[in-house]
Amino acid sequence: MRLPDSQHPEPAPGRGRSLRARERNRLAILTAAQNVLSSNPDASMDDIAEAANMVRRTVYGHFSTRQDLIASVVRLGAQELIAYVGEVDVHADDAPAEMAGLILRTWGTASRFGPVIEVARRGAADALFAAMEPFNTTVAALIRHGQEQGAFQSPLDADLLAHLIEACSLTFHAAQQKGVWDGDETDVAYSQLLTLGVPAAKARATVDRAAAAHPTEALM
């Protein structure tokens, strides 16, 4: 319940401005870290401070260690991904189509965090797992429903398949970064459906329909 304005305590003089400045600095550091780590996974705190136009001491005032900063970048990325995904119909009549559409919608956002996720795996694996778990839980629910429909023919556990889907996406991200794959998200969606046990011809037709239904997302 929201209190009437008259019942909200007045902030100390200057404190509100100070808090807002601190929040802006924190966001600037996270944005700089995301950009720097995406191009240089071995970037130091000094590199990130320079990109954020701040001194090293300011960065450490917000994040006590590089691992803490990476974990915060991962959490921010996961929140952005989940917010962008929006509503997922885990009881969809056509589970493969729902899964294909989900992948096409999220690829543009997820690919921006691929390099950072790889960094997190080396130093902030627990934070990565926790940040992605809400998304993976939703994906697992959709997979389980598709298995019950008979649309996803893989006999593997749905939770395991959800993590395999995540790992497959990361493999595509890495291949893209290394320049050994020049495809797009329709290739990713097609591969994911094959992993889930959708027959090849049906998987391709499903992805084509999903791409036609989400033309903006498919071009991200």
Side-chain angles (χ1 to χ4, degrees), residues 17-86 102-136 139 162-185 187-189 191-192 216-220:
R17 289 192 296 274
S18 176
L19 287 175
R20 287 194 294 272
R22 183 171 176 81
E23 290 165 0
R24 286 196 300 271
N25 284 343
R26 179 182 174 87
L27 181 58
I29 294 167
L30 288 171
T31 301
Q34 177 191 331
N35 293 334
V36 171
L37 291 169
S38 293
S39 59
N40 178 17
D42 297 318
S44 67
M45 293 288 266
D46 286 335
D47 296 327
I48 294 168
E50 181 180 356
N53 293 317
M54 297 178 191
V55 297
R56 189 168 180 264
R57 184 175 62 182
T58 301
V59 175
Y60 275 108
H62 289 269
F63 306 98
S64 58
T65 66
R66 183 174 182 274
Q67 181 175 337
D68 181 34
L69 173 55
I70 291 172
S72 295
V73 171
V74 168
R75 284 192 289 269
L76 182 65
Q79 290 168 7
E80 180 180 335
L81 175 64
I82 291 169
Y84 185 77
V85 168
L102 171 62
I103 295 164
L104 294 179
R105 293 199 309 273
T106 60
W107 176 254
T109 300
S111 63
R112 294 202 302 274
F113 291 93
V116 177
I117 288 173
E118 286 301 316
V119 175
R121 282 182 155 185
R122 302 202 302 256
D126 290 344
L128 174 60
F129 182 85
M132 290 302 298
E133 200 54 24
F135 180 74
N136 286 333
V139 172
H163 287 288
L164 286 176
I165 292 295
E166 179 186 13
C168 182
S169 294
L170 291 174
T171 299
F172 275 107
H173 292 317
Q176 188 178 60
Q177 292 292 316
K178 294 176 181 176
V180 297
W181 171 66
D182 61 357
D184 59 22
E185 60 277 6
D187 295 328
V188 181
S191 297
Q192 308 288 41
T216 301
E217 292 86 349
L219 293 174
M220 288 181 63

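What you see is a predicted model; the values in this text were computed from it and never measured.
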>> If you count heavy atoms of other groups shown closer than 6.0 angstrom to CG of D42, is the number above 12?
In response: yes

>> Quick check: closest heavy atoms across H62 and T58, and the distance to 0.1 Å?
In response: CD2-O, 3.2 Å

> Are W181 and T171 close enough, and set up right, to give a side chain to side chain contact (heavy atoms under 4.5 Å, CB included), and what steps lead you there?
Replying inline: CA-CA 10 Å; W181 171 66; T171 299; over 6 Å; no

> Looking at CG of N40 and CD1 of I48, how far apart are the two atoms once the value is rounded to the nearest 0.5 Å?
Replying inline: 9.0 Å

>> Under the criterion side chain to side chain contact (heavy atoms under 4.5 Å, CB included), I'd like the reasoning laid out for E133 against H163: C-alpha separation, chi angles, the key distance, then a yes or no.
In response: CA-CA 9 Å; E133 200 54 24; H163 287 288; 3.7 Å; yes

> In Å, rounded to the nearest 0.5 Å, how long is the span from CD1 of I165 to OG of S191?
Replying inline: 9.5 Å

> Any chance CD of E50 has more than 12 other-residue heavy atoms, nucleotides or ligands included, within less than 6.0 Å?
Replying inline: no

> When you measure from the side chain of R26 to the backbone N and O of F63, does any donor-acceptor pair fall under 3.5 Å?
Replying inline: no

> Does the N35 side chain pair with the main chain of A32, one donor and one acceptor, at a distance under 3.5 Å?
Replying inline: no

> When the ring centroid of H173 is compared with that of W107, is the distance short of 6.0 Å?
Replying inline: yes

>> Looking at every heavy atom in both I29 and A52, which two are closest together, and how far apart are they?
In response: CA-CB, 4.3 Å

>> Rounded at 0.5 Å granularity, tell me how far CG in D47 sits from CZ in R56.
In response: 10.5 Å

> At what distance, to the nearest 0.5 angstrom, does OG1 of T65 lie from CD1 of I70?
Replying inline: 8.5 Å

> For N136 and A162, which heavy atoms make the closest approach, and how far apart are they?
Replying inline: O-CB, 3.6 Å

> Does a side-chain heavy-atom distance below 4.5 Å link N25 with V59?
Replying inline: no

> Hey, are the side chains of L37 and R66 touching, using non-hydrogen atoms and a 4.5 Å cut-off?
Replying inline: yes

